[in-house]
Undergrad: 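Please read through the structure below; I'll follow up with questions.
Residue numbering restarts at 1 for every chain, and letters A, B, ... go by the order of the sequence lines.
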Protein chains: 2
Amino acid sequence: MIDPADYGLDNLPFGIVAVDGDRLVPAVAFEDRVVDLDALVGAKLLEEESLRGASTLNAFLGRGHSVWSSVRARLQALLGPDASGHERAAVVRASRPREDVLPQLPIAIGDYVDFYSSLEHATNVGRILRPGAELLPNYRHLPIGYHGRSGTVVLSGTSIRRPNGQRKPPDANAPTFGPSQQLDIEVEMAWIAGPGNELGRPIDADAVRGHVFGYVLLNDWSARDIQAWEYQPLGPFLGKSFATSISPWIVTLDALEPFRVAEPVREPEPLPYLRARQPWAYDVELELLLQTPRMREHAHPPLTIARTNLRGMYWTVAQQLAHVTSNGATIRPGDLFGTGTISGATAGSEGSLLELTFRGTKPLALPGGETRGFLDDGDIVIMRARAINATHRVGFGEVVGLVVG
Amino acid sequence: MIDPADYGLDNLPFGIVAVDGDRLVPAVAFEDRVVDLDALVGAKLLEEESLRGASTLNAFLGRGHSVWSSVRARLQALLGPDASGHERAAVVRASRPREDVLPQLPIAIGDYVDFYSSLEHATNVGRILRPGAELLPNYRHLPIGYHGRSGTVVLSGTSIRRPNGQRKPPDANAPTFGPSQQLDIEVEMAWIAGPGNELGRPIDADAVRGHVFGYVLLNDWSARDIQAWEYQPLGPFLGKSFATSISPWIVTLDALEPFRVAEPVREPEPLPYLRARQPWAYDVELELLLQTPRMREHAHPPLTIARTNLRGMYWTVAQQLAHVTSNGATIRPGDLFGTGTISGATAGSEGSLLELTFRGTKPLALPGGETRGFLDDGDIVIMRARAINATHRVGFGEVVGLVVG
């Protein structure tokens with residue numbers, strides 16, 4: 001399913017996998033295999049005690065950038081062409097075919113924040129929900145975000161049960177309770193925090209490398225009808241909290257370094273605490289695919305319904321990091337920060353069905369004459385991402401979910 | 001400071017304390033002492049392995065109501081008049097003066113939700129912030145809430161640093177960044193979750209006893225200027241996330257049983273999933289006190305600036321529990337759920353300075369000619385709560401915070 005070339009030496013994403021039944025070990029994905037880091041530490045080929053017997057990556061994340069980089073460099077040496085015979089043999093003993101292991105949530109998530117950092121998404125949503133007040137006055141001044149439910153962040157592959165909830169169409173007298181009729185997705189990525197800060201000590205926008213371990217894919221499942229009725233005045237709550245899916249392999253910031261690109265122009269210029277000296281946009285291509293039960297019956301592969309790119313986001317990881325700690329709030333190893341829905345400026349680059357179908361009023365045409373405004377039971381949603389240029393290639397794998405009724 | 005009679009046999013609140021330097025043990029507060037539960041388990045006077053060597057109460061919270069109740073009954077027997085000589089001696093060995101131990105955060109908090117369940121508070125806030133749209137149309141249909149930052153929930157006594165942030169007065173052209181000029185508090189209580197549920201399995205409104213371990217006091221520190229600028233469209237974020245303080249001792253639902261009272265009338269009647277067969281309001285008196293540096297200099301004790309009661313809340317713990325899981329979301333042992341600001345219908349029963357001073361425009365008069373619209377550096381805020389009737393008395397202690405610049 002996932003091209004082994006996406007997980008080459010350029011990448012080496014970190015995760016947690018179950019081996020031999022239910023024993024959890026830290027691992028890196030390498031080509032079509034995974035390499036057990038607990039085994040490498042045990043074989044004294046890797047010196048990093050935070051990986052020994054670890055069932056989450058949190059302790060390793062707490063160790064900081066110099067440790068992350070030296071472990072990655074060591075792994076590149078062990079897995080690369082210049083490894084010794086002894087090293088090769090040990091790596092073979094520590095390796096398993098990727099299909100023989102079961103990926104797990106790689107981190108115990110403390111707090112989960114979801115930003116709203118695509119100007120195009122915010123504009124599209126405003127146009128649909130608040131005609132005349134499309135982009136709110138604060139948007140170009142600060143990275144809007146809110147806290148989501150960390151306890152319902154689930155691993156890719158977890159089935160998503162259609163949530164019940166209250167919804168009230170504008171023309172109804174009173175709300176009713178029942179299954180959401182507007183189940184949607186949001187194409188996002190999410191960064192994962194490293195060591196963190198002390199209470200009362202903000203983190204500088206330029207300190208990204210020391211505080212951000214890497215990125216995963218994130219599907220922010222959303223029940224639009226529940227959300228529309230509940231969200232004023234305190235923001236999204238049960239319309240989001242039923243499930244958020246992430247991909248299993250964390251792609252490190254070091255692996256993404258070749259894909260840093262210029263940031264979009266911002267007008268007005270952000271306040272000083274939101275200015276970083278370096279650019280922190282990343283050129284990562286994302287793809288959203290949908291497969292209905294009928295498509296599966298007819299052996300029709302998942303259909304790409306949107307393509308977008310992380311590079312255009314109005315607010316970067318540097319600004320999100322500075323903003324979220326600007327009031328002195330702490331972040332902790334394993335905290336998760338969603339980018340917000342990644343939508344581009346062109347048709348077909350929107351990262352949600354809300355936008356792609358204008359809240360269901362312009363349904364997508366699917367093979368065999370089917371249409372979709374929002375998701376039906378049995379639908380499978382897949383998000384993939386990859387960064388590629390002339391010299392480097394890094395894949396994020398995918399985040400997949402099946403909707404069940 | 002705290003009356004030993006508030007921590008009598010009726011109460012026996014649970015917490016975690018540091019003894020002998022930095023060794024953490026589970027404990028109950030009893031009169032002017034604390035009783036080390038790890039020591040009682042070690043002495044084989046208490047059979048509950050989840051308390052052995054526990055540095056948080058989470059495992060105990062995961063055990064469920066029948067265990068909580070039997071441990072409490074056993075402690076009432078050990079600490080009561082009918083204990084044997086052997087039991088008394090062991091309890092004495094396990095006890096220390098309350099002032100000799102350092103209370104800790106009693107739980108590792110997974111998710112923190114803050115509700116908005118006082119109709120009077122929501123009406124007051126609407127009147128101040130949204131004249132003409134005082135109570136939003138959804139309010140009487142569902143318990144509005146949002147997720148807060150669990151990582152910045154701190155123990156009573158932690159100093160609160162005035163947060164920096166963006167704020168834009170309505171007549172300014174652009175926001176500025178700096179220390180909040182409208183630092184406020186919110187008088188709340190918070191319930192703490194027990195065993196929890198499986199993803200996709202809502203909890204019934206009548207299942208409170210099985211899922212709610214007990215209550216603490218909570219001060220939801222709020223920077224009104226930051227909040228006002230950032231909160232649309234996704235709700236409060238940095239105006240709240242810098243700190244939330246809780247009291248150290250968890251008063252169990254069993255201890256509160258004598259204080260259950262009839263719920264306020266609701267019109268319209270809530271949807272069926274929000275109807276419990278029993279009443280779940282509690283008659284708990286709360287008091288908000290303020291002491292400025294000048295008052296301290298003049299040896300003036302903290303001044304009571306508001307008195308309110310938990311019993312009037314529009315939405316109860318039963319409805320909050322049913323609502324938050326109605327979409328299939330999980331709750332976990334140690335999850336924290338704030339009631340929202342507790343405001344009454346009469347002058348002087350409002351649970352925030354925003355309300356008490358009408359956003360600073362009608363400052364409080366303090367001893368010595370001082371006034372306060374919002375908090376100044378050096379101010380100390382204290383919240384206390386107690387439930388008392390003809391036969392029972394249960395105190396919550398207090399949650400205290402000093403504002404530092």
Undergrad: Per the side-chain hydrogen bond (donor to acceptor under 3.5 Å, both in side chains) rule, which among A:Arg149, A:Lys240, A:His147 passes with B:His147?
TA: A:Arg149

Undergrad: Sort out for me which of A:Gly165, A:Pro236, A:Pro175, A:Pro272 touches chain B most, counting heavy-atom pairs under 4.5 Å.
TA: A:Pro175

Undergrad: Counting only N and O atoms by type, is there a donor-acceptor contact under 3.5 Å from the side chain of B:Glu188 to the main-chain atoms of B:Gly340?
TA: yes

Undergrad: Give the member of B:Pro137, B:Ser180, B:Ala174, B:Gly148 that has the highest number of heavy-atom pairs under 4.5 Å with chain A.
TA: B:Gly148

Undergrad: When heavy-atom pairs shorter than 4.5 Å are enumerated against chain A, which of B:Ile226, B:Leu199, B:Leu238, B:Ile331 gives the highest number?
TA: B:Leu238

Undergrad: Answer with side chain, backbone, both or neither: which region of B:Thr176 has an atom nearer than 4.5 Å to a non-hydrogen atom of chain A?
TA: backbone

Undergrad: Could you have a look at B:Arg332, B:Arg161, B:Lys168 and say which one has the most heavy-atom pairs with chain A under 4.5 angstrom?
TA: B:Arg332

Undergrad: Are there residues of residues 107-117 of chain A whose heavy atoms fall under 4.5 Å of chain B's heavy atoms? If so, which?
TA: A:Gly110, A:Asp111, A:Val113, A:Phe115, A:Tyr116

Undergrad: Quick one: which residues of residues 320-329 of chain B reach chain A at under 4.5 angstrom, heavy atoms only?
TA: B:His323, B:Val324, B:Ser326, B:Asn327, B:Ala329

Undergrad: Without hydrogens or angle criteria, can the side chains of B:Ser343 and B:Glu120 be said to hold a donor-acceptor pair below 3.5 Å?
TA: no

Undergrad: So what's closer than 4.5 Å to chain B heavy atoms on A:Tyr273: side chain, backbone, both or neither?
TA: side chain

Undergrad: Restricting to non-hydrogen atoms, name the atom on B:Arg162 and the atom on B:Pro179 that form the minimum distance, rounded to 0.1 Å.
TA: CD-CB, 3.8 Å

Undergrad: Just give me the residue among B:Gly239, B:Pro163, B:Gly151 that pairs up with chain A most often, heavy atom to heavy atom, under 4.5 Å.
TA: B:Gly151

Undergrad: Using non-hydrogen atoms and a 4.5 Å limit, figure out which bit of B:Leu271 sits close to chain A: side chain, backbone, both or neither.
TA: side chain

Undergrad: Sort B:Arg130 into side chain, backbone, both or neither according to what part of it lies under 4.5 angstrom from a heavy atom of chain A.
TA: side chain

Undergrad: Chain A: which of B:Ile160, B:Thr330, B:Val125 shares the most heavy-atom pairs with it under 4.5 Å?
TA: B:Thr330

Undergrad: I'd like to know which of B:Phe242, B:Tyr231, B:Trp229, B:Tyr139 tops the heavy-atom pair count under 4.5 Å against chain A.
TA: B:Trp229

Undergrad: If you compare all heavy atoms of A:Pro143 against all heavy atoms of A:Gln319, which two are closest, and at what distance to 0.1 Å?
TA: CG-O, 4.0 Å

